[in-house]
Amino acid sequence: MRDRSSVGVVCGLLMLAGALLAGCQSPSAGVAEDGRLGEPATGTSAAVSPSATRPSGYGAVFLAVDECSSFGTTSFTEVPCAGERAAARVVARHDGAVRDGPRCPATTDFVLHISEQRPASDEDGDGAVPRGYACMRNLQPPHPGDPGGGGGPRTVVGDCVYSSGDGQVRETACDGKGERKPEYRVTRAVAGRAGCPGSTALYVRLGGDRPVGCARPL
């Protein structure tokens with residue numbers, strides 16, 4: 001079987017061991033006003049070439065669920081998950097834009113955004129690739145999407161944040177090994193602020209069915 005490659009612009013840093021796969025999602029989640037941690041910035045953006053869509057190789061859909069990508073800085077390749085080039089696995093795959101689609105699983109390490117491609121001709125078996133995004137999980141540690149990991153596209157219970165000024169906070173690693181020391185830890189996710197315990201010093205926006213995170217000082 002042959003690799004299926006996607007070459008394009010990849011922005012940002014993907015938290016991988018050894019060589020790093022670049023992405024435009026920040027290790028820290030996005031920031032909202034009033035001292036709340038908002039939804040994250042978007043993930044890696046890449047233009048997918050028509051050759052990435054051939055139904056031969058690893059499947060009819062480029063980077064489908066359970067398929068793997070290689071390491072990369074300005075491009076990435078779909079590779080066998082058992083191969084030495086494999087770096088991360090797709091845990092969820094959706095069409096459309098992140099803001100309009102389902103949320104990635106809580107422990108997603110980073111997001112790859114795939115640009116829409118519609119080849120004018122299909123004589124070699126290529127097909128169209130709709131705009132979409134893949135939620136990725138590193139095959140090896142570190143896992144910035146894990147609780148306390150200091151990154152990932154979502155903020156979850158167990159994550160830590162620090163004050164970045166102007167009433168805003170950003171996520172950082174709870175073990176203190178990040179660039180900034182943690183100041184608060186999210187200890188609970190609730191439906192509304194009234195559900196937070198009295199020790200809560202900060203309300204963090206998580207999204208989902210329980211959108212409010214109760215954070216206490218460290």
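Please read all numbers here as calculations on a predicted model, not as lab measurements.
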(request) Please report the C-alpha distance between Phe62 and Ile114 in whole Å, then the side-chain angles of each, then the deciding distance to 0.1 Å, and finally whether the side-chain contact (heavy atoms from CB on, under 4.5 Å) criterion is met. (result) CA-CA 9 Å; Phe62 177 70; Ile114 302 172; 4.0 Å; yes
When you measure from the side chain of [X] to the backbone of [Y], do you find a donor-acceptor pair of N or O atoms at a distance under 3.5 Å?
| X | Y | answer |
| --- | --- | --- |
| Arg170 | Val161 | no |
| Asp109 | Gly145 | yes |
| Arg137 | Val90 | no |
| Thr187 | Cys214 | yes |

Mind listing the closest non-hydrogen atom pair of [X] and [Y] along with its distance?
| X | Y | result |
| --- | --- | --- |
| Ala189 | Leu206 | CB-CD1, 3.6 Å |
| Pro197 | Arg188 | CD-NH1, 3.9 Å |
| Lys181 | Gly176 | NZ-O, 3.0 Å |
| Ser70 | Ala87 | C-CB, 3.8 Å |
| Pro105 | Arg154 | C-NH1, 3.8 Å |
| Thr172 | Pro182 | CG2-CA, 3.6 Å |

When you compare the side chain of [Y] with that of [X], does any pair of heavy atoms fall below 4.5 Å?
| X | Y | value |
| --- | --- | --- |
| Cys81 | Arg89 | yes |
| Val169 | Leu202 | yes |
| Tyr184 | Cys160 | no |
| Val91 | Thr108 | yes |
| Arg185 | Asp159 | no |
| Cys104 | Val111 | yes |
| Glu171 | Thr155 | yes |
| Glu78 | Ser69 | no |

With rounding to the nearest 0.5 angstrom, report the [atom1] to [atom2] distance, [X] to [Y].
| X | Y | atom1 | atom2 | answer |
| --- | --- | --- | --- | --- |
| Ser164 | Glu183 | OG | CD | 9.5 Å |
| Leu218 | Cys174 | CG | SG | 7.0 Å |
| Arg93 | Leu63 | CZ | CG | 6.5 Å |
| Met136 | Phe110 | CE | CZ | 4.5 Å |

(request) Show your working on side-chain contact (heavy atoms from CB on, under 4.5 Å) between Val186 and Val156 and close with a plain yes or no. (result) CA-CA 7 Å; Val186 179; Val156 298; over 6 Å; no
(message) Do Tyr203 and Val190 sit in one hydrophobic cluster, given that two such residues count as connected whenever their side-chain heavy atoms are within less than 4.5 Å of each other, even indirectly?
(response)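 In one cluster: yes.
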(request) For atom CG of Asp100, decide whether the heavy atoms of other residues, nucleotides or ligands shown that lie under 6.0 angstrom number more than 12. (result)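 Enclosed: over 12 neighbouring heavy atoms sit under 6.0 Å from CG of Asp100.
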(message) Under a plain distance cut-off of 3.5 Å, with no hydrogens placed, do Asn138 and His143 share a side-chain donor-acceptor pair?
(response)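 No.
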